[in-house]
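Heads up: the structure comes next, in structure tokens.
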Number of protein chains: 2
Amino acid sequence: MADALQRGPKFRRRAEARPDEVLDAALALFVEKGFAATRVEDIAARAGLSKGAVYLYFPSKEAILEGLVKRAVRPIADNALGFLENYAGDPRSVIGTVLKMVAGRLADPMLVAIPRLLVREMVNFPELAQMYRREVLDRVIPAVSALIASGVREGYFRPVDPELTLRSVIGPVIAHMLMSELFGIRPAGGLEIERLIDNHLTILFDGLSAPQRERRFMAT
Amino acid sequence: MADALQRGPKFRRRAEARPDEVLDAALALFVEKGFAATRVEDIAARAGLSKGAVYLYFPSKEAILEGLVKRAVRPIADNALGFLENYAGDPRSVIGTVLKMVAGRLADPMLVAIPRLLVREMVNFPELAQMYRREVLDRVIPAVSALIASGVREGYFRPVDPELTLRSVIGPVIAHMLMSELFGIRPAGGLEIERLIDNHLTILFDGLSAPQRERRFMAT
DNA sequence: ATGTAATAACCGACCGGTCAGTCAGTTGCA
DNA sequence: TGCAACTGACTGACCGGTCGGTTATTACAT
């Protein structure tokens with residue numbers, strides 16, 4: 001339903017806020033039902049306007065999607081980068097902090113919504129995916145990678161390939177999000193993400209093998 | 001089509017093979033353009049029939065999607081489980097073997113196609129996602145979890161929570177697949193998956209921290 | 001082997017519903 | 001009164017699903 005408040009004027013003239021309201025409504029519906037299955041009229045209704053009015057602010061349905069991603073992309077990257085670019089000391093603590101922060105952010109459905117939507121519609125709108133990659137991934141990934149590299153250089157980490165190790169750092173959190181978000185598969189205990197990250201970091205830094213057994217294993 | 005180059009009869013009578021041909025065509029198109037953007041007529045054309053003929057084998061477009069998932073679900077789970085259920089000795093070798101096998105399988109686009117499609121259409125067809133979860137995930141995940149648990153019980157692993165650790169085991173491979181498949185982000189060197197899994201297993205079993213620095217648990 | 005009837009496999013024009021996008025008209029405000 | 005914000009009926013295109021008609025194949029008789 002529209003939370004377009006009926007107090008005040010019946011029409012919301014002076015329409016600077018309109019585009020954002022439309023985007024909010026569209027985001028919710030796109031995530032809920034997908035781009036194709038969402039009608040412009042539904043977006044309009046949810047934003048508290050008529051279909052026609054939507055076309056005063058956006059030239060097409062696709063432009064709404066575009067505006068959505070554009071609006072979301074900047075803050076995501078900037079926020080993550082602020083943490084990563086100026087750290088000091090043991091990179092392990094930075095990794096821990098950033099992982100927990102990211103996980104905390106990802107708990108907010110509104111913030112997962114964009115990547116989620118993007119994954120769904122990426123086939124039909126490759127330009128959007130490209131933009132997301134350019135603006136977010138191509139900035140965040142090298143930053144994390146550099147963090148690992150400097151960890152190796154400064155003797156905190158074993159001499160691993162940073163690009164590959166990056167996947168070991170973020171993979172478990174991603175796996176957890178996918179299982180939880182998409183399929184509702186959650187571990188038995190509560191407060192999962194905190195516990196998951198603690199468990200993950202323990203293994204990441206100290207390994208899974210029991211100390212008394214022989215180390216160094218390879219399966220080739 | 002010119003009847004000059006007819007190999008075989010113009011009509012493919014004795015039509016036992018038809019449904020599978022339709023499913024193959026549909027899978028390719030659904031993955032390429034999504035369910036909504038794929039027209040039944042396109043599926044028909046690709047399978048070498050007319051639209052009408054498709055409806056001789058499937059009552060609706062949605063039934064095609066359903067049939068697709070049904071056909072794919074069984075082999076996936078059975079194959080993975082065969083490996084997991086009867087192992088012996090050090091579970092680390094089993095983990096290594098299974099990870100590499102899974103990664104090898106995932107290199108075949110045809111086999112990733114179903115999960116990929118499922119993730120896209122899951123919002124619009126929740127029953128399908130449920131089915132996939134029941135038939136595949138709810139069988140594979142407990143098996144892996146049990147493998148880890150027995151590794152802990154038998155002293156190969158440190159006392160970790162199997163359910164959480166599972167995510168540490170498979171996460172990096174998933175992260176790699178996502179980055180590579182969806183965004184084309186690959187590490188610099190070639191032959192990525194082999195290298196990735198080697199790097200991942202090293203860290204998973206022995207940890208990322210450098211030995212000379214302070215460690216939390218390790219004695220060796 | 002050859003005609004002929006019966007039938008299985010298939011075709012594609014068409015119908016009906018849906019929905020993105022348009023536009024002539026209405027409403028609230030200065 | 002002027003005009004910017006807004007409305008909602010309308011249109012045109014598109015597509016899932018149907019159905020009367022067509023073509024290949026089989027069965028059988030001659």
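Keep in mind it's a predicted model, so treat the numbers as computed, not measured. Residue numbering restarts at 1 for every chain, and letters A, B, ... go by the order of the sequence lines.
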Separation of [X] atom [atom1] from [N] atom [atom2], in whole Å?
{"X": "A/L56", "N": "C/dG21", "atom1": "CG", "atom2": "P", "result": "14 Å"}
{"X": "B/Y55", "N": "D/dC19", "atom1": "OH", "atom2": "P", "result": "13 Å"}
{"X": "B/E21", "N": "C/dA9", "atom1": "CD", "atom2": "P", "result": "13 Å"}
{"X": "A/D42", "N": "C/dA20", "atom1": "CG", "atom2": "C1'", "result": "12 Å"}
{"X": "A/I43", "N": "C/dG21", "atom1": "CD1", "atom2": "C1'", "result": "13 Å"}

Assign a letter to each nucleotide of nucleotides 12-19 of chain C from its 5' end: B, base within under 4.0 Å of a protein heavy atom; S, sugar-phosphate only; -, no contact.
B------S

Does [X] use its side chain to pair, donor to acceptor, with the backbone of [Y] at less than 3.5 Å?
{"X": "A/S150", "Y": "A/L147", "value": "yes"}
{"X": "A/E163", "Y": "B/A188", "value": "yes"}
{"X": "A/R167", "Y": "B/H176", "value": "no"}

Apply the test side chain to side chain contact (heavy atoms under 4.5 Å, CB included) to residues B/V69 and B/F125: give CA-CA distance (whole Å), side-chain angles for both, the deciding distance (0.1 Å), then the verdict.
CA-CA 11 Å; B/V69 177; B/F125 307 98; over 6 Å; no

The test is side chain to side chain contact (heavy atoms under 4.5 Å, CB included); show your working for A/I64 and A/L23 and say whether it passes.
CA-CA 7 Å; A/I64 299 176; A/L23 290 183; 4.0 Å; yes

Of the listed nucleotides (D/dA5, C/dA9, C/dG21), which one gets closest to any side-chain atom of A/Y57?
D/dA5

Side chain of A/S60: nearest nucleotide among C/dG21, D/dT18, D/dC6?
C/dG21

Side chain to side chain contact (heavy atoms under 4.5 Å, CB included) between A/L117 and A/L68, intermediate numbers included
CA-CA 10 Å; A/L117 177 59; A/L68 210 46; 3.9 Å; yes

